[in-house]
Every structure is written in structure tokens, then in C-alpha cells.
Amino acid sequence: SAVISQKPSRDICQRGTSLTIQCQVDSQVTMMFWYRQQPGQSLTLIATANQGSEATYESGFVIDKFPISRPNLTFSTLTVSNMSPEDSSIYLCSVEEGRSYEQYFGPGTRLTVT
Amino acid sequence: SQQGEEDPQALSIQEGENATMNCSYKTSINNLQWYRQNSGRGLVHLILIRSNEREKHSGRLRVTLDTSKKSSSLLITASRAADTASYFCATADYGQNFVFGPGTRLSVLP
């Protein structure tokens, strides 16, 4: 399975600022996904990021708040913009491997907004 | 509406016992996947079961799928303290929409 890393692993940020989270995969993948996991909750898909096209956002998430880049088949970034305490969550990237349909996840970025 | 729903929400058992978690969903699926998450860290992929499969095994894990009842179960046999974690099911439909259930928090007491 793909090995996925994320940076930073955690951060504490002040409200009104922005944080960019990086996701690196050790192999080329077509589909990458970004999820949010609020404290004590399950995972919610933010957007799907395919290389060479605009990210597709789920209902309730907008590009101005969560801009995503996908410059190549092994890398993506998610920016959390103009943060508020409600954005305090774990943010996870995942990839779907080929035809297996299995999704594999990075270790997550734990964000606290004060 | 949420696709996967697990029950119970929380489960506490003694080491050596079996743990069973259930997942129900609402629409047709291509596959269903189970994950483990330790203390708010990344998710570990456990098993994928396809819609045309009824049972899969991996070590101490057994997953069943009943598409007529739109439900799946994850059985962990001979549980260990290290199995303490949250377990999530996630369903993928034919449009590759991937939806997680709320999860079951499993505590295995030594």
C-alpha cells in the first residue's frame, strides 16, 4: 500500500490566520482526498483532488475557505484560511489505490485554533 | 444523509473476549471498508469487502456483508489491549462516493 506523509503533524494557530497542510505519497496516484475529523467525530470529506483539474468540493465546503493544490501525482496541499476555533480538527489526506478501491490515509494534521 | 452507521457507539470488553461491531447503510454499494484509528491518529485500513462477497478474514478479523439487510459486521477474536481504538466503516457507492460511519469506540481491558 502507498505510504503517505503529512506536514505538519500538529499546529496551534491564531484565529484569522491560514495554515497550509502538505500531503506526500510515495507513489503516483490519480485520486487524492482531504477529510476533516472534528473532535470526537467521524470523518467528513472536504474535497477530491485530481491532478490537472480543479478540486471537487463537498457540500458545506468552499474553495475560498479550503483552497487545494494538486501540482503532480504524488503531492497535494490543503489550506485552511481565515481560521476560527471551529476549524480545530484533524485534517487527513487519503489516496485511492488503482483498481482496488482501497483508500489509505496519512497520519493526519491536528490543528488547534485559539 | 449519512451512509454508514455503526453500533454500538462504544464497547468495553475484557482481554481475550471477542468484539463485534456492526455497520448499516442505506443505498447500494460497490464495497465497504473497515478502518481502525488509535487515539485520534491516522486511519489504518483493515479490510475491504466487495458487494458480491459475503465474508472475508484477515488474521483475527472477520468481516461479513449482508447486502439484503444493508449491513456489515466486524468481529475481532481473542481481543488484546492493543485493539483498543475507534473502528469505522466506510461505504463506497458506484459513483465512488466514500462515506464514513460515526464509529465504534472499543476498549479492551487487561
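In what follows, chains carry the letters A, B, and so on, assigned in the order in which the sequence lines appear, proteins first and then strands, with residues in each chain numbered from 1. Worth knowing before you read on, the calculation uses all heavy atoms, side chains too, and leaves out hydrogens, waters and symmetry mates.
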Inset, instruction - Say whether B:W34 and B:I13 are linked into one hydrophobic cluster, either directly or through other cluster members, by side-chain heavy-atom distances under 4.5 angstrom. - result: yes

Inset, instruction - Measure the shortest side-chain to side-chain distance between A:L45 and B:V99 over non-hydrogen atoms and say whether it is less than 4.5 angstrom. - result: no

Show me the donor-acceptor pairs within less than 3.5 Å that the side chains of residues 26-35 of chain A make with the rest of the protein, sequence neighbours left out.
| unit_1 | atom_1 | unit_2 | atom_2 | d |
| --- | --- | --- | --- | --- |
| A:D26 | OD1 | A:V3 | N | 2.9 |
| A:W34 | NE1 | A:S76 | OG | 3.0 |
| A:Y35 | OH | A:Q103 | OE1 | 3.1 |

Inset, instruction - Give a yes or no on whether B:V63 and B:I29 share a hydrophobic cluster (residues Ile, Leu, Val, Met, Phe, Trp, Tyr; joining criterion: side-chain heavy atoms under 4.5 Å apart). - result: yes

Inset, instruction - Let me know if B:N97 has heavy atoms under 4.5 Å from chain A in its side chain, its backbone, both or neither. - result: neither

Inset, instruction - Please answer: with hydrophobic residues joined when any side-chain heavy atoms are less than 4.5 Å apart, are A:I63 and A:L19 in the same cluster? - result: yes

Inset, instruction - Under 4.5 Å heavy-atom distance to chain A, tell me which part of B:F98 shows up: side chain, backbone, both or neither. - result: both

Inset, instruction - Run the ring-centre check on B:F100 versus A:F105 and record whether the distance is less than 6.0 Å. - result: yes

Inset, instruction - Taking all heavy atoms of B:F88 and all of A:Q37, pick out the closest pair and write down the distance. - result: CZ-NE2, 3.7 Å

Inset, instruction - For A:S42 and B:G101, indicate whether the former's side chain and the latter's backbone hold a donor-acceptor pair under 3.5 Å. - result: yes

Inset, instruction - Determine which residues belonging to residues 45-52 of chain B lie within contact range of chain A, meaning some heavy atom pair is under 4.5 Å apart, and list them by number or answer 'none'. - result: B:H45, B:L48, B:R50

Legend entry - Same apolar cluster (I L V M F W Y, side chains within < 4.5 Å links), A:L111/A:I4: no

Inset, instruction - Following the transitive rule for hydrophobic clusters with a side-chain heavy-atom cut-off under 4.5 Å over Ile, Leu, Val, Met, Phe, Trp and Tyr, establish whether A:Y57 and A:L78 coincide in one cluster. - result: yes

Legend entry - Pairs touching residues 22-109 of chain A that satisfy disulfide bond (SG atoms under 2.5 Å apart), sequence neighbours left out: A:C23-A:C93

Inset, instruction - List for me each residue that meets salt bridge (Lys or Arg N to Asp or Glu O under 4.0 Å) alongside B:K56, sequence neighbours excluded, and say none if there are none. - result: none

Legend entry - Other residues, nucleotides, ligands: >12 heavy atoms within 6.0 Å of A:Q14 CD: no

